[in-house]
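Note: hydrogens, waters and symmetry copies are ignored here, and every other heavy atom, side chains too, is used. Just follow the structure's listing: the first ligand is 1, and inside any ligand the first atom is 1.
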Amino acid sequence: MTDTLVFCSGPDPFDAWRDALAPLLGDDVRIEDADAVTDPDAVRFALVWMPPEGFFARFPNLELVINLGAGVDRLVARSDLPNVPITRLSDPEMGKMMAGFALFAVLRHAREIPHFEAAQARKEWAYRHPRAANEITVAVLGLGELGAMAATEVARQGFDTHGWATRPRELPGVTVHCGDDALPDLLGRADIVVCMLPLTPATAERLDTAAFAAMKRGAAFINLSRGEVVDEAALVDALRNEHLSGATLDVFTHEPLAPDHPLWTLPGVLITPHLASVALPKSAAPQIARNIRAVQRGEDLVNEVSRMRGY
Ligand code: NDP
C-alpha cells in the first residue's frame, strides 16, 4: 500500500506544497489535499495548519503530524490531537524573513520613524539627531529558531543586544539572560523590546501591566510572535499614558484585529497583518521529506515539538 501525506491549510496553496514535495518523496508517498483523500486508512502523515475540528479522527493510521509553520500553540492546545510525534518547520529562509522583519521594526523605533511620519503629515521639518546603534539597548524575548536569528541580526547592526530564554546559550553579539527573575531588570534597561516568545501556558499574557511598567519610559515594544503573549489592554494603557513611545505589532489576541480596536489609531503604532514570516514550500520541503523518511525507516525526527513545554 502506498503511504499518503494529507495536506490541510486554509492560507497555504496545496499545489505549491505538492510540487515542492513530490520530487523529494517519489512514488511511494502519495500527496493529497484533505478534501480529496482517496483512502483515509493509507494516511500516515499530515501536513497541517489549523485543520478543522474532527480532522484527525478521519485518519486512524496517522504516525506523524507536521505543523505547517513554526508556532504550534494552536495545534498542541487541541483535545483531538492523536498521540503521535509532532514536528514544526525550522526553515532558514523563514528565519531570514523573520530576522529581516525584526530588524526593520527595531530600526523603525531606533531611527524614530514614527516621529518623522507624524511630522510629515504636518509638513514639518522636525530634525532629531540620530543616536548610534551601540547607544540603544534591544531586548529580544525568546531565543528559539526564529528569535535567535532575529537577535543576531539586530546585534550585527551594532545594537547593544540582549536576549531572554529559559536556558543559557552562546549567541554572537547577544548577552543572554535566563529565567523569570532576570526579566524585570532586562525590561528596565531596554530601549526596544522585541517579543519572540511562543504562546504556552507559561507565556500567556506574560507581557502584562507589571511588565510594561518595568519597561523604561519612552521604550518601544515589538510583537512578532503571538498576540496572546501580551495583555492587550495593558499595552493600550501603556501607549495611551505615553509610558511607551510606540509599538510595531504583527500579531494580536484576535485576528483580524477588529476595526474599532484602539491599537489601530494610537500614535507611534504600526499594525501589520501577521506576515512577519511565512513558510516557503521550496526551502521547507526537504526537512518535511526527511521526517517522513525517518518515520518510514524508524529513524530519529528533527524539529520535534515537546507537548509538555508547548513549543
Ligand atoms: P522556538 O519554539 O524555537 O523557541 C522559543 C523560545 O522562547 C526559546 O528560546 C525558549 O527558551 C523561549 N521561551 C519559551 N518559554 C519561555 C519562558 N517561559 N520564559 C523564557 N523564555 C521562554 O520559537 P521560534 O523562535 O521558532 O518562534 C517564536 C514564535 O514566533 C513561534 O512560536 C510563533 O508563535 C511565532 N511566529 C510568528 C510568525 C509571524 O509571521 N508573526 C511566523 C512564525 C512564527 P529555550 O530556548 O530556553 O527553550
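Taking every heavy atom of S225 and a limit of under 4.0 angstrom, the matching atoms of ligand 1 come to 29 (C), 30 (O), 34 (O), 35 (C), 37 (C). Against a heavy-atom cut-off of under 4.0 Å, V251 is close to the following atoms of ligand 1: 41 (N). Close contacts between ligand 1 and G71 involve ligand atoms 31 (C), 32 (O), 33 (C), 34 (O) [criterion: under 4.0 Å to a heavy atom]. Which parts of ligand 1 touch L224 is read off a 4.0 Å heavy-atom cut-off, strictly below it: atoms 37 (C), 38 (C), 39 (C), 41 (N). Every atom of ligand 1 is numbered from 1 in the order shown, and the set under 4.0 Å from a heavy atom of L197 is 7 (O), 13 (N), 21 (N), 22 (C).
The distance criterion of under 3.5 Å between nitrogen or oxygen atoms is not met by G142 with respect to ligand 1. Considering backbone and side-chain atoms together, Y311 places an N or O closer than 3.5 Å to an N or O of ligand 1. The shortest N or O to N or O distance between L143 and ligand 1 is under 3.5 Å.
The option with the heavy atom closest to atom 32 (O) of ligand 1, from among P273, P198, G144, is P198. Of the candidates M94, R88, R206, R88 brings a heavy atom nearest to atom 23 (O) of ligand 1.
Of all protein heavy atoms, the one lying nearest to atom 43 (C) of ligand 1 is L146 CD1, 3.6 Å. Of all protein heavy atoms, the one closest to atom 36 (N) of ligand 1 is R226 NH1, 3.8 Å. The shortest contact between atom 46 (O) of ligand 1 and any protein heavy atom is with R169 NH2, 2.8 Å. Looking from atom 19 (N) of ligand 1 to the surrounding protein, the closest heavy atom is W164 CH2, 3.4 Å. Looking from atom 42 (C) of ligand 1 to the surrounding protein, the closest heavy atom is S277 O, 3.4 Å. Protein heavy atom nearest atom 38 (C) of ligand 1, with residue, atom name and distance: M98 CE, 3.4 Å. Atom 28 (C) of ligand 1 has as its closest protein heavy atom M196 O, 3.3 Å. Scanning the protein for heavy atoms near atom 16 (C) of ligand 1, the closest one is T166 CG2, 3.5 Å.
Remark: the backbone N or O of H274 is paired with a side-chain donor or acceptor of D250 at under 3.5 angstrom. Between the side chain of Q287 and the backbone N or O of S90, at least one donor-acceptor pair lies under 3.5 Å.
Taking 4.0 Å as the cut-off between side-chain N and carboxylate O, E299 and R290 do not count as a salt-bridged pair.
Rounded to the nearest 0.5 angstrom, E93 CD and L280 CG are separated by 6.5 Å.
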Between R293 and Q296, does a side-chain hydrogen bond (donor to acceptor under 3.5 Å, both in side chains) hold up when you go through it step by step?
CA-CA 5 Å; R293 293 289 179 228; Q296 289 178 318; 2.7 Å; yes
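Under the 4.5 Å side-chain contact rule for hydrophobic residues, F221 and L224 do not share a cluster. Under a hydrophobic-cluster definition in which Ile, Leu, Val, Met, Phe, Trp and Tyr are linked whenever side-chain heavy atoms come within less than 4.5 Å, directly or via other members, I288 and V6 are assigned to different clusters.
Side-chain contact check for E32 and T38: at least one donor-acceptor pair (N or O, by modelled atom type) lies under 3.5 Å. No hydrogens or angles considered: nothing links the side chains of H162 and T137 as a donor-acceptor pair under 3.5 Å.
Exactly one of V176, L187, L197, L143 qualifies for a side chain to side chain contact (heavy atoms under 4.5 Å, CB included) with W164. That residue is L197.
Taking the salt bridge (Lys or Arg N to Asp or Glu O under 4.0 Å) definition, one finds that E63 meets it with R44, sequence neighbours left out.
Of all the heavy atoms of T203, the ones lying under 4.0 Å from any atom of ligand 1 belong exclusively to the side chain.
Classified by interplanar angle (parallel below 30°, tilted 30° to 60°, perpendicular above 60°), the ring pair Y127/H129 is tilted.
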